[in-house]
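Remember, it's a predicted structure, so these values are computed and weren't measured experimentally.
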Amino acid sequence: MAPVAQRPRGTQDLLPPDQPYWDAMEQAAQALALGFGYLRIETPSFESTELFVRGVGDATDIVTKEMFTFADRGGRSLTLRPEGTAPIVRAYFDAGMQLEPQPVRLYYLGSYFRSERPQRGRFHEFHQFGIEAIGDGSPLLDVEAVILAWKWFGALGLGGVSLHLNSIGDEVCRPAYRDLLREYYRPHLGELSADSRARFEKNPLRLFDSKEPQDQALKRDAPRIVDHLCEPCAEAFTTVKETLEAEEIPFSLNSELVRGLDYYTRTVFEYQHVSLGGAQNALGGGGRYDGLAGALGYKPTAGIGFALGMERTAMMLKEAKELAPLAPDVYAVAVEPKDERYVFHLAGTLRERGLRVIVDPSAARLDAKLRKAAKRGARVALLVGPEERQKGEAVVRDMRLKTQVSVAEREVVPTVTQALSAG
RNA sequence: GUGGCUUUAGCUCAGCUGGUUAGAGCAUCAGAUUGUGGAUCUGAGGGUCGAGGGUUCAAAUCCCUCAAGCCACCCCA
């Protein structure tokens with residue numbers, strides 16, 4: 001009979017061999033975030049659909065074709081979260097965090113859901129490490145976010161990462177720029193791809209996202225938004241750039257970087273990896289979203305954050321270096337069934353000292369058990385046979401040196417500890 | 001969502017133009033005179049050949065449908 005189910009499309013199992021990479025990412029995230037004063041928050045895996053429609057933007061690809069939406073029993077429309085920022089802004093106000101000292105700095109690690117066609121490094125359920133600083137519009141917070149993400153890649157020892165930076169203005173200067181862009185493109189509408197013609201009306205900035213050959217030439221000569229920023233936006237952008245330079249964070253300006261979500265204002269940034277394929281080369285990105293809280297019906301409130309993709313980062317990490325799963329310190333073996341309880345007891349004593357101890361449960365021969373001890377990478381084997389049991393002793397074997405000593409029960413812990421700390 | 005390629009043991013793959021009980025390496029388990037190891041040797045288990053339907057005396061091998069994966073596009077993490 002065929003199994004009743006298989007892993008759903010676009011999902012994956014994170015198996016024990018994957019965990020060292022995930023541990024490294026989570027630990028680095030936590031250490032860095034706390035170091036910058038960001039505290040952890042986790043919001044629900046699903047929210048009211050309206051939160052994303054209003055927060056992310058009803059014309060975005062996420063909302064129009066990528067959400068996992070379902071109805072609860074009362075007929076309310078719910079959606080598995082496709083991104084983290086709108087829920088966190090919602091939580092910020094729900095919890096009254098606007099009354100705390102501003103800005104409120106938050107970080108999160110969790111899974112997100114988008115129903116795109118799966119591909120390498122792109123899943124229906126994926127994980128992000130992200131931060132949000134809400135309640136203050138200072139460009140120093142933009143710099144803080146950019147640096148924190150940069151340091152994360154650095155802490156993981158991941159090379160080949162590049163930082164791309166742009167400013168897309170705000171509600172003061174962007175409308176004028178949008179008109180300018182339309183004016184530029186209008187005479188060439190016939191030459192554009194169908195997708196781009198649709199963007200011309202809905203969101204001309206996204207004309208820059210196109211990879212269609214016929215759109216490329218036009219893109220090159222299009223007016224750049226950084227040349228049309230209003231005074232406050234330009235000033236903020238200068239602060240961001242100059243501070244990054246002073247901190248020696250390498251970045252490149254990319255006037256075509258617009259990002260897909262409606263709520264971004266001013267600073268936007270993205271991290272790319274050289275060996276991720278052209279289309280999925282983004283490891284993560286972020287930006288300022290001063291318009292989001294207002295769009296969600298809250299008091300207008302500034303915010304800045306990023307989200308970094310953990311699947312893609314794990315992929316690059318695996319290519320860069322090999323991390324082995326945690327091996328046990330001690331592999332405990334009973335020579336005969338009668339010795340098992342004594343071995344079980346000794347293992348417990350060793351665990352109380354914080355050691356990782358595996359008890360062999362099999363009825364196999366001693367050489368087979370030792371073979372397993374070796375394959376598991378145990379540093380020490382603890383052996384008990386009838387002789388040892390009768391004398392109240394145990395054999396402590398150093399698996400690497402292939403030497404062993406028989407010691408009294410009370411000497412087991414110090415002997416094992418010493419063997420583990422040697423070389 | 002659109003187009004293309006792929007899908008044989010846990011993993012990596014072989015299987016020529018359709019023909020008897022589908023193979024290899026690695027991995028797993030077990031033995032190699034009985035309380036000692038990752039090597040070597042020997043052996044074993046493990047696949048309804050992605051799923052379903054069709055053509056045929058006969059299909060892993062041809063046709064159709066579906067599913068999953070990969071690549072490009074769309075877009076994003």
Taking only side-chain N and O atoms of [X], does any of them lie within less than 4.0 angstrom of OP1 or OP2 on [N]?
| X | N | answer |
| --- | --- | --- |
| A:Arg120 | B:C70 | no |
| A:Gln119 | B:A72 | yes |
| A:Lys369 | B:G35 | no |

If you go through the side-chain atoms of [X], does one of them form a donor-acceptor pair with the base of [N] closer than 3.5 Å?
| X | N | answer |
| --- | --- | --- |
| A:Arg117 | B:U2 | yes |
| A:Arg400 | B:G38 | no |
| A:Glu116 | B:A77 | yes |

Whole-angstrom distance between [N] and [M], as gauged at atom [atom1]:
| N | M | atom1 | value |
| --- | --- | --- | --- |
| B:G37 | B:A24 | P | 29 Å |
| B:G1 | B:C63 | P | 26 Å |
| B:A60 | B:U7 | C1' | 12 Å |
| B:G19 | B:A58 | C1' | 6 Å |
| B:G15 | B:A22 | C1' | 8 Å |
| B:G25 | B:A44 | P | 12 Å |
| B:U36 | B:G31 | P | 13 Å |
| B:C49 | B:U8 | P | 12 Å |

Under 4.0 Å, heavy atoms only, any strand: does [X] hit a base, just the sugar-phosphate, or nothing?
| X | value |
| --- | --- |
| A:Leu383 | base |
| A:Arg206 | sugar-phosphate |
| A:Leu366 | base |
| A:Gly130 | nothing |
| A:Glu388 | base |
| A:Arg397 | base |
| A:Pro82 | nothing |
| A:Glu387 | base |
| A:Ala364 | sugar-phosphate |
| A:Gln404 | base |
| A:Tyr112 | nothing |

* For A:Phe126 and B:A77, are the ring centres under 5.5 Å apart with planes inclined under 30°? ->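 Stacking between A:Phe126 and B:A77: present.
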
I need the [atom1]-[atom2] distance between [X] and [N], as an integer number of Å.
| X | N | atom1 | atom2 | answer |
| --- | --- | --- | --- | --- |
| A:Asp61 | B:U2 | CG | C1' | 14 Å |
| A:Leu401 | B:G38 | CG | C1' | 15 Å |
| A:Asp360 | B:G35 | CG | C1' | 14 Å |
| A:Gln12 | B:C70 | CD | P | 10 Å |
| A:Arg371 | B:A39 | CZ | P | 8 Å |
| A:His124 | B:A67 | NE2 | P | 13 Å |
| A:Phe123 | B:A68 | CZ | C1' | 13 Å |
| A:Leu158 | B:A77 | CG | C1' | 14 Å |

* Please answer whether the main-chain N or O of A:Arg376 pairs with a side-chain N or O of A:Tyr331 as donor and acceptor at a distance below 3.5 Å. =>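 Side chain of A:Tyr331 to backbone of A:Arg376, a donor-acceptor pair under 3.5 Å: no, none is there.
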
Look at atom [atom1] of [X] and say whether more than 12 heavy atoms of other residues, nucleotides or ligands are closer to it than 6.0 Å.
| X | atom1 | result |
| --- | --- | --- |
| A:Arg353 | CZ | no |
| A:Arg410 | CZ | no |
| A:Lys338 | NZ | no |

* Asked: Ring centres of A:Tyr271 and A:Phe153 under 6.0 Å apart?
  ->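 Yes, ring centres under 6.0 Å apart.
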
Base-pairing assignment for [N] (Watson-Crick or G-U wobble, both under 3.5 Å):
| N | value |
| --- | --- |
| B:G10 | B:C26 |
| B:G46 | none |
| B:C16 | none |
| B:G31 | B:C41 |
| B:G3 | B:C71 |

* For A:Lys372 and for A:Thr403, locate the closest nucleotide of RNA chain B by heavy-atom distance; then report the residue assigned to the nucleotide nearer the 5' terminus. =>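 Result: A:Lys372.
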
* **Residue mapping more 5' on RNA chain B - nearest nucleotide basis, A:Pro386 or A:Ser362** =>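 On the 5' side of the pair lies A:Ser362.
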
Of all the choices, [options], which nucleotide is nearest to the side chain of [X] once you look at every atom?
| X | options | value |
| --- | --- | --- |
| A:Asp367 | B:G1, B:U36, B:U28 | B:U36 |
| A:Gln6 | B:A77, B:A67, B:G38 | B:A67 |
| A:Met399 | B:G37, B:A30, B:G35 | B:G37 |

* Can you name the closest pair of heavy atoms from A:Ala334 and A:Lys369 and give their distance? ->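 Taking every non-hydrogen atom into account, O-NZ, 2.8 Å.
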
* According to the interplanar angle, ranging from 0 to 90°, do the rings of A:Phe306 and A:Phe269 count as parallel (below 30°), tilted (30 to 60°) or perpendicular (above 60°)? ->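 Correct class here is perpendicular.
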
* What is the ring orientation for A:Phe68 with A:Phe113, classed by angle as parallel under 30°, tilted 30 to 60°, or perpendicular over 60°? ->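 Rings of A:Phe68 and A:Phe113: perpendicular, over 60°.
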
* Of A:Arg81, A:Arg90, A:Arg54, A:Arg76, the residue whose pairing with A:Glu47 passes salt bridge (Lys or Arg N to Asp or Glu O under 4.0 Å) ->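 Looking at A:Arg81, A:Arg90, A:Arg54, A:Arg76, the match for A:Glu47 under the salt bridge (Lys or Arg N to Asp or Glu O under 4.0 Å) is A:Arg90.
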
